[in-house]
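Structure first, then comments.
Residue indices begin at 1 and follow the sequence shown. Basis for what follows: all heavy atoms, side chains included, without hydrogens, waters or symmetry-related copies.
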Amino acid sequence: MKTEVLVVSPDAPDRGLLARAAEVLLRGGLVAFPTETVYGLGALADDAACVARIFEAKGRPAYNPLIVHVLGESSARPLCAAWPETATRAARAFWPGPLTLVLPRDARHVPDVVTAGGPTVAVRAPAHPVARALLDVTGRPLAAPSANRFQHLSPVTAAHVLKSLDGRVDLVLDGGRCPYGIESTVLDLTRETPTVLRPGALAIERLREVLGDVRVREETVGAVEGEALPSPGMLRKHYAPRARLVLARSDALEDALRAVRDEIGENARVGVVRVGEGEARPGVRVLPRDPVAYGAELFAALHDLDDAGCDAVIVEAVPDETAWEPVRDRLGRAAAD
Ligand code: TXA
Ligand code: MG
């Protein structure tokens, strides 16, 4: 298959271009599109055959369910068998935006393949103008995981999508770089207490302001592939660059470098990602000492170092504070072997 790329304005996408993308979707094809978090790989969510193509293109195992993207609460409700008051509050406060809600699924409107046969469905209303216009013109909910091969780095530019999926997707809408650069927060509202299954672009403190008590599910962090998982995004190895990723404390960067060279060889190409301080040079990236700004640059920096041919990347450990949790989560998984 030849992958077509259409460049669209991220602020005011051209309706004619979007109509072409909608046509591809309505014909049963796959369209990668920008959201405010990362690029998504979209297909018609209410058509099992279309959704199956997503799994095939990504090499994603069928046990890992997908997020269904909608314009807002009124189009999310029919997909859910129940819509608790917490869902109303969360959607009104944070939609459109980087929050995914897990709710009981209405099997009449959501095929098994979307939820991996499970009793719940994940729904999200993205804020990105291109994603919204695509949903609007298509007129149907879109199932969309991040537009990368299974367990690879998430894409934050169209070039990243092509690196992973060229020839496996019909069309890529190139709307530039995704502003958050880190995936949505996944919140399970089917439990007694709202529970974060995946920390992400929407801070947990913001959720607490609106919902009160919110838990964070920690126990899946060590989960092993293939086990039944409440949110298989919690797989230990995930978001990994091609290069080996090594986490090291600020005072142990030199030691880590030594260890990598001892293992891979003196000529190993080793990239470094630092936090806040340090001199940026070829192979050394210095990301901001602010968790949101750092998150926005992380995946792109890892893609760059991969493209530069690094065998290993040493990443300086980030501060041990709650606000850094989404970043720490991605780094921990990328470093898992
Ligand atoms: O920001 C995002 O969420 C991006 C953009 C494209 O919207 N999408 C994304 O999709 O990150 P994906 O497939 O890479 O990650 C979806 C996460 C996975 O951890 C998956 O296991 C979880 O959501 N998930 C999906 N459906 C679920 C469900 N019914 N119950 C629990 N977790 C679910
Ligand atoms: Mg993903």
Side-chain angles (χ1 to χ4, degrees), residues 34-40 64-70 72-73 76 79-80 83-84 86-103 115 120-128 131-132 143-148 153-156 178-221 223 229-235 238-239 290-299 318 321-334:
T35 79
E36 70 277 28
T37 56
V38 301
Y39 272 74
N64 198 351
L66 304 177
I67 297 173
V68 180
H69 295 69
V70 293
E73 183 176 332
L79 309 176
C80 305
W83 189 265
T86 45
T88 300
R89 271 193 280 152
R92 295 199 177 149
F94 302 116
W95 278 4
L99 174 66
T100 295
L101 301 176
V102 173
L103 290 157
T115 69
T120 61
V121 60
V123 286
R124 152 162 137 81
H128 197 293
R132 297 192 66 72
S146 52
N148 52 279
L153 278 179
S154 295
V156 299
C178 302
Y180 283 99
I182 204 159
E183 296 86 348
S184 64
T185 302
V186 178
L187 182 70
D188 186 350
L189 292 179
T190 66
R191 302 166 188 234
E192 184 95 0
T193 306
T195 302
V196 170
L197 302 179
R198 176 177 74 181
L202 184 70
I204 291 167
E205 293 70 52
R206 305 268 329 272
L207 289 173
R208 292 199 170 115
E209 284 163 20
V210 170
L211 298 173
D213 194 13
V214 173
R215 294 214 178 123
V216 181
R217 190 180 165 97
E218 312 263 14
E219 62 268 39
T220 42
V221 166
L229 297 168
S231 185
M234 305 303 275
L235 280 177
H238 208 133
Y239 312 111
D290 168 82
V292 175
Y294 183 109
E297 293 187 28
L298 175 63
F299 286 139
V318 298
E321 293 155 18
T322 316
W324 286 87
E325 184 50 31
V327 161
R328 241 191 339 268
D329 170 80
R330 303 307 185 275
L331 288 175
R333 286 169 214 292

Using every non-hydrogen atom in the two residues, find where [X] and [Y] come nearest and quote the distance to one decimal.
| X | Y | answer |
| --- | --- | --- |
| Pro326 | Pro199 | CA-CB, 4.0 Å |
| Arg89 | Leu211 | NH1-CA, 4.0 Å |
| Ala87 | Leu101 | O-CD1, 4.2 Å |
| Arg132 | Pro96 | NH1-CB, 3.4 Å |
| Leu331 | Val318 | CD1-CG1, 4.0 Å |
| Arg330 | Gly200 | NH2-CA, 3.9 Å |

Just so I know, are the side chains of [X] and [Y] near enough to count as touching, which here means a heavy-atom distance under 4.5 Å?
| X | Y | answer |
| --- | --- | --- |
| Cys178 | Glu36 | no |
| Asp213 | Pro194 | no |
| Arg217 | Val196 | no |
| Arg191 | Leu197 | yes |

Indicate whether the side chain of [X] and that of [Y] have a donor and an acceptor atom separated by less than 3.5 Å.
| X | Y | value |
| --- | --- | --- |
| Thr120 | Thr190 | no |
| Ser154 | Glu183 | yes |
| Thr37 | Arg124 | yes |

Worksheet item: Checking side chain to side chain contact (heavy atoms under 4.5 Å, CB included) for the pair Phe94/Leu207: CA distance, chi angles, key distance, verdict?
Response: CA-CA 9 Å; Phe94 302 116; Leu207 289 173; 3.8 Å; yes
Worksheet item: Do Leu189 and Val102 pass the side chain to side chain contact (heavy atoms under 4.5 Å, CB included) test, and can you show the C-alpha distance, the side-chain angles, and the key distance before you say yes or no?
Response: CA-CA 6 Å; Leu189 292 179; Val102 173; over 6 Å; no
Practice prompt. Quickly, which of Val70, Thr115, Leu103 forms a side-chain contact (heavy atoms from CB on, under 4.5 Å) with Leu79? Name it, please.
Written response: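 Only one of Val70, Thr115, Leu103 forms a side-chain contact (heavy atoms from CB on, under 4.5 Å) with Leu79, namely Val70.
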Worksheet item: So among Thr185, Thr100, Leu187, which one has a side-chain contact (heavy atoms from CB on, under 4.5 Å) with Leu202?
Response: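 It is Thr185; the other options fail the test.
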Fill in: Ala293: partners by side chain to side chain contact (heavy atoms under 4.5 Å, CB included), with sequence neighbours left out
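So Ala293 forms a side chain to side chain contact (heavy atoms under 4.5 Å, CB included) with Pro288, Asp290.
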Worksheet entry | Contacts of Ala147 that satisfy side chain to side chain contact (heavy atoms under 4.5 Å, CB included) - sequence neighbours left out |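 Here the qualifying residues are Ala32, Tyr39, Leu41, Pro155, Val161, Leu165.
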Worksheet item: Would the number of heavy atoms belonging to other residues, nucleotides or ligands and lying under 6.0 Å from CD of Glu205 be above 12?
Response: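 Check passes, neighbour count above 12.
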Worksheet item: Does OH belonging to Tyr180 count more than 12 external heavy atoms closer than 6.0 Å?
Response: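 No.
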Discussion item. Between Asp329 and Arg333, is the side chain to side chain contact (heavy atoms under 4.5 Å, CB included) condition met? List the steps.
Written reply: CA-CA 6 Å; Asp329 170 80; Arg333 286 169 214 292; 2.5 Å; yes
Item to complete: Can you measure from CD1 (Ile182) to OG (Ser146) and round to the nearest 0.5 angstrom?
Response: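 Here the rounded value is 12.0 Å.
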Fill in: Results of salt bridge (charged side-chain N to carboxylate O under 4.0 Å, His left out) for Arg92 - residues two or more places apart only
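Residues passing salt bridge (charged side-chain N to carboxylate O under 4.0 Å, His left out) with Arg92: Glu73.
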Item to complete: Give the intermediate values and the outcome of side chain to side chain contact (heavy atoms under 4.5 Å, CB included) for residues Ile67 and Ser184.
Response: CA-CA 10 Å; Ile67 297 173; Ser184 64; 4.2 Å; yes
